[in-house]
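First the structure, which I've put down as structure tokens, then a few questions once you've had a look.
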Amino acid sequence: MHFYTGQVLRLDLTAQRATVEPLDEDWARLFVGGKGLLLRHLFDELPAGTEALAPQNPLILATGPFAGTAAATCSRLAVGCKSPATGTLLDSYVGGSFAPELKFAGYDVVLVTGRASEPVLVLIEDDSVQFVPAEGEFWGLETSALEALVRERFGPRHKVLSTGPAGERLVPYACLSTDQFHKAGRGGAGAVMGSKNLKAVVVRGHGAVAVGDASAFAADMLRLQNDAVLTPDNAWTWEEGTPAILDAVSAAGALPTRNWRTGTFAGSGRIDSEALLRVRSKIRACTQCPLACRQVHTFGDYVCEGPEFETLGLCGADCGIDDLAAVAAFNMACDELGLDTISTGAVVGLAMDLCACGAADYGLAFGDTAGYLEAPHLIASGEGYGAELALGARALAALKGRPDLAAEVKGLEMPAYDPRGTFGMGLAYATSDRGACHMRAFTAGDDILGGSAAADSLAGRARLVVDQQDFTSIAWSGVWCANMALDAAFLGAHFRHLWGRETTADELLTAGARIWNLGRLLNLREGLSRADDRLPERIVGTPHPDGGAAGKVIGAGAFEEALGEYYALRGWDAEGVPTDATLRRLSLERLREGGRG
Ligand code: SF4
């Protein structure tokens, strides 16, 4: 099959053995790559009910078919496992240059299973796979130091996917890092890598990706680059990057501020893209990407790639911090320690709130940078109050007797769009397969940024959320980047080369629905139910006292009605279980709830 290497690399850490298996071509046709192939492998590899940090939980790296080619933004890698933060499936994405290198080495997918008895890193150089002892030399290193040492030891062009000190200590919101600043941030894949005594996967490849008719493919990619990638619609990526939306989200009352107490941050003008442009020193890009959205900033004697919008929201506004240099330093600490900035910012904001209400005494306060800057280090090391903050928002709030103060869904801290300022995001979060996530459905794009729909209504939102989840499921299987305007015609132009025929938008959405329903079966098998498709009570029922969304409330009744409509549109029963007819329509009938493929 063109675009695929046809090989799956299985790394058994317990036995320190590497084996190569053929890629299942039927799975590649049905599930494409990235998210789809990852979930299909996870469905078979994960024994039902396995603890996320048990050796039996596989860590899966899945490339997309277009990684290693000229397809714009497709250099991203999907990383997945059962999440230690949520107990759900986890698929998380990271850019940079790792995925193309893995394809050049000859592998579409890597399955990491078991647990090494001592810390190791895995070194993949084309057909050669070595398990290299990591104790003493690599274990314990922060991201930059690790990558520098790996390149010094093995070669300057080797690519590294690693866990940081936080992942080694099993913090459930530890991330994976590559190319220093690129993160597979959400859901705790860093802790799963750490639980396996695996510090890093290092790869160097010398092959290429066959694309079939190379001239026709190159001509199409060049046409698409001019007509659909480097366009005015995408100009914000290289001009400002994701911080471009901060002021609009704040004005709409949707920017989490002081632990979700309100949605408009008075200090947003001091941490917005205008402020960042004053300290921007350069822009960078992932491999295969002409958009170059990665904004690099210089603060005195240190350089920070970012902060991105989500980091500004959770580590800035949600903590009441409008000191841009402090937010950047917090961001840098998280990057070096291997912590997801969304969850870390949310947890620190919660800890400040707990202190404000007298439920905790961490010495943290909204807007105070002193303790704030120390927090990521304590979380990663487990020292002082860090051990409690390392539990994550849900467990921390419960521990302190204030579960009402945690803003999370299924255990994952909510990203930087408060549903009270964009109601549709509430349904998007509640139905997201990995817990609160803005990357599966993003209705804020229509109501806040596009202004084409009412932000304070759930009318039509169930349909939009279903369609966007199906679309992103196929797009994240491709694997394109969320930072560019994508549509079915653009994806179809690529699939024409992959499948050798024209595709329709309906066909792509059906493939996306298949992948989404596969994830639902997996989550149901792990014990989730309708009761988990929920929002925190205060997000549904307590309006903001001020700001752009003052007084607006979704309401429990309206939310339940929209959830029922969502299930019906999905072809699920009232408990959120796909019906037999739905599974047959999507060629998933063999994967019954509780079954193995
Ligand atoms: S748009 Fe930005 S994050 Fe996405 S692939 Fe390009 S450089 Fe990477």
Side-chain angles (χ1 to χ4, degrees), residues 33-35 61-79 91-103 159-161 175-186 209 221-222 224-246 273 276-277 280-297 303-313 331 335 340-342 415-416 437-440 442 445 449 471-472 475-487 490-491 494:
K35 176 172 183 139
L61 318 181
T63 66
F66 305 111
T69 75
T73 82
C74 288
S75 64
R76 297 176 72 75
L77 178 76
V79 174
D91 57 310
S92 188
Y93 301 84
V94 62
S97 54
F98 188 92
E101 199 72 25
L102 196 56
K103 293 277 287 281
K159 311 300 181 189
V160 186
L161 182 75
C175 64
L176 293 178
S177 306
T178 190
D179 291 357
Q180 189 178 0
F181 298 111
H182 297 258
K183 309 292 167 180
R186 310 243 59 204
V209 178
M221 293 305 106
L222 186 59
L224 288 170
Q225 177 151 310
N226 292 327
D227 296 351
V229 181
L230 293 172
T231 63
D233 277 355
N234 290 324
W236 65 270
T237 54
W238 63 84
E239 287 175 350
E240 297 178 78
T242 58
I245 65 175
L246 186 96
S273 64
L276 281 162
L277 284 172
R280 185 168 83 177
S281 41
K282 61 178 172 179
I283 56 174
R284 294 179 64 215
C286 302
T287 301
Q288 289 177 234
C289 185
L291 293 176
C293 80
R294 315 286 301 184
Q295 313 278 319
V296 180
H297 305 103
V303 172
C304 176
E305 186 170 319
E308 300 283 353
F309 164 73
E310 299 291 338
T311 306
L312 293 164
N331 186 159
D335 282 0
D340 173 31
T341 54
I342 295 179
C437 176
H438 60 293
M439 303 290 290
R440 278 104 232 272
F442 185 64
L449 306 177
F471 183 79
T472 56
W476 305 165
S477 297
V479 181
W480 284 272
C481 178
N483 284 358
M484 70 169 288
L486 295 167
D487 60 25
F490 181 77
L491 267 57
H494 294 73

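One-based numbering, in listed order, for ligands and for the atoms of each. Everything numeric in this text was worked out from a predicted model, so none of it was measured.
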Partners meeting salt bridge (Lys or Arg N to Asp or Glu O under 4.0 Å) with Arg440 (sequence neighbours left out): Asp91, Asp433

Qualifying residue for side-chain contact (heavy atoms from CB on, under 4.5 Å) with Leu291, from Thr237, Asn483, Ile283: Thr237

Any pair counted as side chain to side chain donor-acceptor pair (under 3.5 Å), so long as it reaches residues 68-77, sequence neighbours left out: none

NZ on Lys159 to OG on Ser97, rounded to 0.5 Å: 3.5 Å

Approximate separation, where rounding is to 0.5 Å, of Thr287 OG1 and Glu101 CD: 8.5 Å

Listed partners of Glu305 passing salt bridge (Lys or Arg N to Asp or Glu O under 4.0 Å), at least two apart: Arg284, Arg294

Protein N, O or S atoms under 2.8 Å from atom 4 (Fe) of ligand 1: 1

